[in-house]
Amino acid sequence: MTTSGRLTAPATFPTTRLRRLRYHPAVRRLVRQTRLSPSQLVLPLFVRPGQGIRQEILSMPGHCQLSPDQAAEEARQVSQLGLGGVILFGIPAEKDAVGSDATSATGIIPQAIRAIKQSAPELLVITDVCFCEYTDHGHCGVVNRKTGRIDVDNDATLRLLAAQAAAHARAGADMVAPSGMMDGMIHAIRTKLDAIGYAHVPIMSYAAKYASAFYGPFRDAAESAPEFGDRRSYQMDPAAAAAQSLREVELDLAEGADLVMVKPALAYLDIIRRVADHFPGVPLAAYNVSGEFSMVKAAARQGWLDEKAIALEVLTAIRRAGATVILTYWAKDAARWLAEAAE
Ligand code: PBG
């Protein structure tokens, strides 16, 4: 202390040497503030009808559309690796204008949940709640053609989303994750789940979901590309002020969301940080989406970069930005890489 009571100026070089904490690998590991654990990673799975099917997704190397029995096998491995859980996306046998398979008790997702719960009962099963994979037009809700302005009918879609979430909960889903960006979707789903005895099932809201070109490979995987138009009338504008994501999160929390998500992750690390700082008590998830995965895969196949190093750097960056949970196609690989590193 100086006589004026102020702290003395911090020591500078040569007393202070920041490299001292970097020489020894064990010191680097000890003081590392951002940690990545398999328990924080969630693996997306694509489920389709049938038996014994593992149909490769060409735009997402290493990932397949799986029939329920194969999804169950995958779930067993995921559970052994200590991952946080799986999130299920369904490709139904038949699509129609209102996405009937999505609300059916015998639809593809209820079938998959039951198969997974038999093979890995302790594994957390999250379901994506949305209509784009189930409608013949590929939009995330019912399309209203009457008004002359062809668009997804927000309020008519809410009832369907509630019915879809109910079908998932009844089949044994541990958590539901609405991704359609309809206004009021969390309220509609919460009200329905509470009314049918599933007040204990948490909702993870895709709260700040942007209309992003990074979803390209996913739309192949889930066969959910819109037949006409795009999703800009419901998903957020990438150029919107970051504060708009705070409004989205705030409203979803007020409607009863338990966890919130920012999606995509990499081009939106600033949004992850803003939401994490603004809502420190709320578990925050980030979706490391298909395009973020496939572009690294493609470059690695060319020998242009090292997939393992890049993937771990990317996942660490998403954690450092403030996400607690990460949905990622690297979940299984990352768990193995992290286990090797710890040996
Ligand atoms: C749609 C949904 C999408 C993704 C997750 N849920 C696609 C979309 O909005 O078009 C994208 C995930 C990814 O790209 O990995 N309900």
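Order of listing sets the numbers, starting from 1, for every ligand and every atom in it. In this chain, numbering begins with 1 at the start of the sequence shown.
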Would you say S205's side chain and A257's backbone share a donor-acceptor pair under 3.5 angstrom?
no
K209 side chain to M236 main-chain N or O, any donor-acceptor pair under 3.5 Å?
no
Close approach of F89 to ligand 1, heavy atoms, under 4.0 angstrom
yes
Does Y329 come within less than 4.0 Å of ligand 1, judged by its heavy atoms?
yes
For [atom], what is the closest protein heavy atom, and at what distance to 0.1 Å?
atom                    : answer
atom 11 (C) of ligand 1 : K263 NZ, 2.9 Å
atom 2 (C) of ligand 1  : K209 NZ, 3.2 Å
atom 12 (C) of ligand 1 : F218 CD1, 3.3 Å

CA sep, side-chain torsions, deciding dist, call: Q70, Q51, side chain to side chain donor-acceptor pair (under 3.5 Å)
CA-CA 8 Å; Q70 297 298 307; Q51 176 80 27; over 6 Å; no
Sub-4.0 Å atoms of ligand 1 with respect to non-hydrogen atoms of [X]:
X    : answer
D128 : 6 (N), 16 (N)
C132 : 1 (C), 16 (N)
Y287 : 12 (C), 15 (O)
Q235 : 8 (C), 9 (O)
R219 : 8 (C), 9 (O), 10 (O)
C130 : 16 (N)

Among S224, P44, S59, which residue satisfies the side chain to side chain contact (heavy atoms under 4.5 Å, CB included) criterion with F218?
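Single side chain to side chain contact (heavy atoms under 4.5 Å, CB included) partner of F218 among S224, P44, S59: S224.
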Indicate whether the side chain of D151 and that of Y234 have a donor and an acceptor atom separated by less than 3.5 Å.
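No, no side-chain donor-acceptor pair sits under 3.5 Å.
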Looking only at side-chain N and O atoms, does D96 offer a donor or acceptor that is under 3.5 Å from a partner on S100?
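There is such a pair (donor and acceptor under 3.5 Å, judged by atom type) between the side chains of S100 and D96.
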When you measure from atom 14 (O) of ligand 1 to each heavy atom in S179, S290, A211, which option holds the nearest one?
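It is S290 whose heavy atom sits nearest to atom 14 (O) of ligand 1.
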For V78 and L43, work out which heavy atoms get closest and say how close.
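Here V78 and L43 meet closest at CG2-CD2, 3.6 Å.
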Ring centroid separation F46 to H63 under 6.0 Å
no
